[in-house]
2 protein chains.
Amino acid sequence: MAILGIRDIAALANVSPATVSRVFSTPEMVSKKTLNKVQKIIDEVGYRPNRMGASLRTRKSGNIVAIIPDITNPVNAGIIRAIEQGAQSAGYSVLLGDTQGLEEREQHYAGLVSHGQADGLLLFCSRIPFKTDPNLPLMEQLPPMVNGNERIDSDEVIQVAVDNVAAAKAAINYLISLGHKRIAAITGPGNIASSNERLEGYQLALNEAGIELDSALQLEGEYLVQSGMDCARQLLLLPQRPTAIFCFSDDMAIGVMKFLQKQGFVVPDDISVMGFDDINYAKFVTPSLTTVHQPLHEIGSTCIELLLKQLQGQKVEPGRRYLPFELKVRDSTGKAPE
Amino acid sequence: MAILGIRDIAALANVSPATVSRVFSTPEMVSKKTLNKVQKIIDEVGYRPNRMGASLRTRKSGNIVAIIPDITNPVNAGIIRAIEQGAQSAGYSVLLGDTQGLEEREQHYAGLVSHGQADGLLLFCSRIPFKTDPNLPLMEQLPPMVNGNERIDSDEVIQVAVDNVAAAKAAINYLISLGHKRIAAITGPGNIASSNERLEGYQLALNEAGIELDSALQLEGEYLVQSGMDCARQLLLLPQRPTAIFCFSDDMAIGVMKFLQKQGFVVPDDISVMGFDDINYAKFVTPSLTTVHQPLHEIGSTCIELLLKQLQGQKVEPGRRYLPFELKVRDSTGKAPE
DNA sequence: TAGTAAATTGAAATCGATTTACATGTTAGT
DNA sequence: ACTAACATGTAAATCGATTTCAATTTACTA
């Protein structure tokens with residue numbers, strides 16, 4: 001563990017600390033001769049500049065913070081992986097802010113930016129974790145930030161996601177095309193934007209097809225497997241059962257299928273089940289799950305790209321960027337029973 | 001965005017910067033009167049000390065870095081979540097180092113500690129990412145560090161994991177108790193310690209039961225679903241097929257089951273399948289997966305706890321800590337066919 | 001070869017906090 | 001009333017780099 005500082009290197013190379021610093025940041029300003037001389041010493045002793053010292057002076061930490069509700073959710077994990085890659089190859093490190101959905105923690109991690117511990121923010125929830133003055137333009141009050149996947153209700157924020165309304169609509173249209181008329185929806189938590197958007201798409205599609213909405217067919221879940229099972233139980237108790245169940249997450253769809261199978265129902269012959277996300281396991285459950293594919297890697301890489309742009313001082317237009325979703329038809333959906 | 005520094009606060013409160021600093025670090029050294037006065041100003045303007053400035057002086061970044069091969073692996077995600085919680089409640093932030101198994105990236109992230117960007121290291125791979133001098137005691141050359149889940153071959157390192165040998169042995173013993181004699185093993189990558197340990201347990205159990213090892217029944221996978229499918233294909237081509245397949249990860253077991261089912265085999269009637277990890281989805285695939293449970297949360301929390309102890313200057317005994325595994329018998333295993 | 005422009009280099013200030021060493025003010029004891 | 005002991009507060013050094021501005025060297029022109 002060499003504890004040599006820039007002054008030590010400078011002394012060893014018989015130059016000033018300023019020159020050593022320039023060797024790293026602006027080598028073209030240093031003559032070849034001294035460059036070589038200094039470089040040689042640096043390599044010899046394995047010197048790397050201390051980040052804290054540099055950060056203090058440059059006011060750049062080299063970190064970004066990603067605020068996500070739950071890293072064990074495969075959707076988030078897939079996004080984070082892409083973010084990490086993009087950040088790393090641009091020389092940034094990612095601080096992981098797993099919030100468990102708690103506003104308090106969102107604010108804690110957002111605070112890292114204010115404290116100078118991070119330079120920018122990737123936000124995968126529906127709240128802006130800063131106190132803002134509604135009289136001033138939002139953009140001027142926020143640090144470099146990109147909102148991914150979830151939606152914040154403001155077009156002054158840079159957002160990246162699939163078009164949840166259109167995606168849900170496409171899913172329902174597909175089920176309708178199979179002859180389904182009683183289509184249940186298991187939503188996510190009511191305060192989550194992505195869930196509300198998918199609900200909108202669901203209702204829109206049914207309306208356009210002239211199918212009346214039935215509130216008994218709309219159940220609120222929590223995006224988790226267990227709540228899929230719970231909601232499936234409720235749906236089976238209905239006097240008029242649905243012939244298809246559209247779940248706003250794959251996890252819930254997996255729970256629904258498990259419960260239906262336990263009760264002796266055959267998916268999709270008795271009831272069709274459709275998910276949303278296309279997590280890796282969707283292909284491998286039995287029957288394999290029909291679902292809406294979200295381009296996780298692309299969502300992550302677009303988010304980090306837009307954030308890096310801002311950090312490099314480029315202007316990024318606010319507003320939503322839609323990434324393409326894709327219907328993945330597999331074996332959990334089929335023709336409606338007569 | 002208030003950009004007030006400690007000097008501004010000091011001026012506003014009519015005290016010196018040192019006093020303001022003490023309000024945060026050693027409030028008991030400040031008289032009640034001034035404490036209140038300063039605290040009031042701090043609350044009013046919402047001042048928080050800049051971390052970079054503090055870190056430079058104290059030589060503590062308040063960050064730890066977690067080096068993991070792949071965050072999209074549910075095993076790692078579960079561990080990381082626990083780590084994040086432990087770190088956060090101790091005032092630390094977690095830098096995510098997803099390495100994709102690349103040594104180069106492991107070293108990059110380990111470097112953050114040397115550069116002062118992180119104070120300690122959580123390592124979930126089998127290599128020490130530092131150049132070390134074999135003549136000197138290892139412990140003195142390493143930063144505060146805990147090795148989790150995987151194994152580094154040195155008892156000078158602090159390690160936390162389940163006893164993979166015993167766990168695999170227990171799994172095989174269970175299969176043997178069901179009457180299986182031709183038990184295949186699908187391992188992880190050959191350079192991964194956990195896989196080798198599980199292989200050892202597998203062989204040990206068979207030996208003790210007087211069952212001869214058959215190298216045709218040992219296939220090397222990559223811990224991924226796809227490699228489970230690939231290996232299953234190979235196993236089915238064997239002149240003498242196994243009656244049970246023990247996979248060293250749940251992902252591979254899921255792949256195996258999927259492939260067997262595609263080929264018309266019934267699990268477990270024709271072939272039993274067993275996994276390792278007990279990821280969340282193990283319960284929900286069909287049939288539900290018999291597997292070895294790893295206490296992910298406890299692994300993560302133990303790792304972070306041991307690291308925090310070190311960071312607080314407490315001495316932590318090197319060596320392995322075993323956490324208890326648990327056999328989860330579900331529906332993918334059954335009596336050996338006659 | 002002198003004179004000037006351009007390319008290098010260095011000294012010192014700076015980033016924002018912490019902390020040491022010292023100064024001041026207060027209280028208590030004799 | 002005087003001094004010792006203690007509580008509290010301050011000035012200034014410090015952490016390790018970057019960067020401004022000035023000084024110096026080099027390169028080139030006339």
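Just so it is clear: chains get the letters A, B, ... in the order the sequence lines come, proteins before strands, and each one is counted from 1.
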Asker: Nearest to the side chain of A:Arg57, which nucleotide is it out of C:dA11, C:dT14, D:dG9?
Answerer: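 Taking heavy atoms from C-beta onward, the closest nucleotide is C:dT14.
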Asker: Check every atom of D:dT10, D:dA17, D:dT19 against the side chain of A:Ala18 and return the nucleotide holding the closest atom.
Answerer: D:dT19
Asker: What nucleic acid atoms does A:Tyr47 come within less than 4.0 Å of, heavy atoms only: base, sugar-phosphate, or nothing?
Answerer: sugar-phosphate
Asker: B:Ser21 side chain N/O closer than 4.0 Å to the phosphate oxygens (OP1, OP2) of C:dT19?
Answerer: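 For C:dT19, neither OP1 nor OP2 has a side-chain N or O of B:Ser21 closer than 4.0 Å.
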Asker: Applying a 4.0 Å non-hydrogen cut-off, can you work out what A:Val30 is touching in the nucleic acid: base, sugar-phosphate, or nothing?
Answerer: sugar-phosphate
Asker: Examine distances only and state if a side-chain atom of A:Ser25 and a backbone atom of A:Ser21 form a donor-acceptor pair shorter than 3.5 Å.
Answerer: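 Confirmed, A:Ser25 side chain pairs with A:Ser21 backbone.
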Asker: Looking at every strand, decide which applies to A:Thr19 at a 4.0 Å heavy-atom threshold: base, sugar-phosphate, or nothing.
Answerer: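 It contacts sugar-phosphate atoms only.
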Asker: So what does A:Arg22 hit on the nucleic acid, given a heavy-atom distance under 4.0 Å: a base, only sugar-phosphate, or nothing?
Answerer: base
Asker: Contact class for A:Val15 vs. all strands (heavy atom < 4.0 Å): base, sugar-phosphate, or nothing?
Answerer: sugar-phosphate
Asker: Is there a side-chain polar atom (N or O) of A:Thr34 under 4.0 Å from OP1 or OP2 of C:dT9?
Answerer: yes
Asker: When you check the gap from the basic side-chain N to the acidic O, do A:Arg320 and A:Asp155 get nearer than 4.0 Å?
Answerer: no
Asker: Check A:Arg105 with B:Glu84, please: is the shortest side-chain N to carboxylate O separation under 4.0 Å?
Answerer: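 Counted as a salt bridge, because a side-chain N and a carboxylate O are separated by less than 4.0 Å.
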Asker: Taking only the side-chain heavy atoms of B:Ser31 (C-beta and beyond), determine which of C:dG10, C:dT18, D:dG9 contains the nearest atom.
Answerer: D:dG9
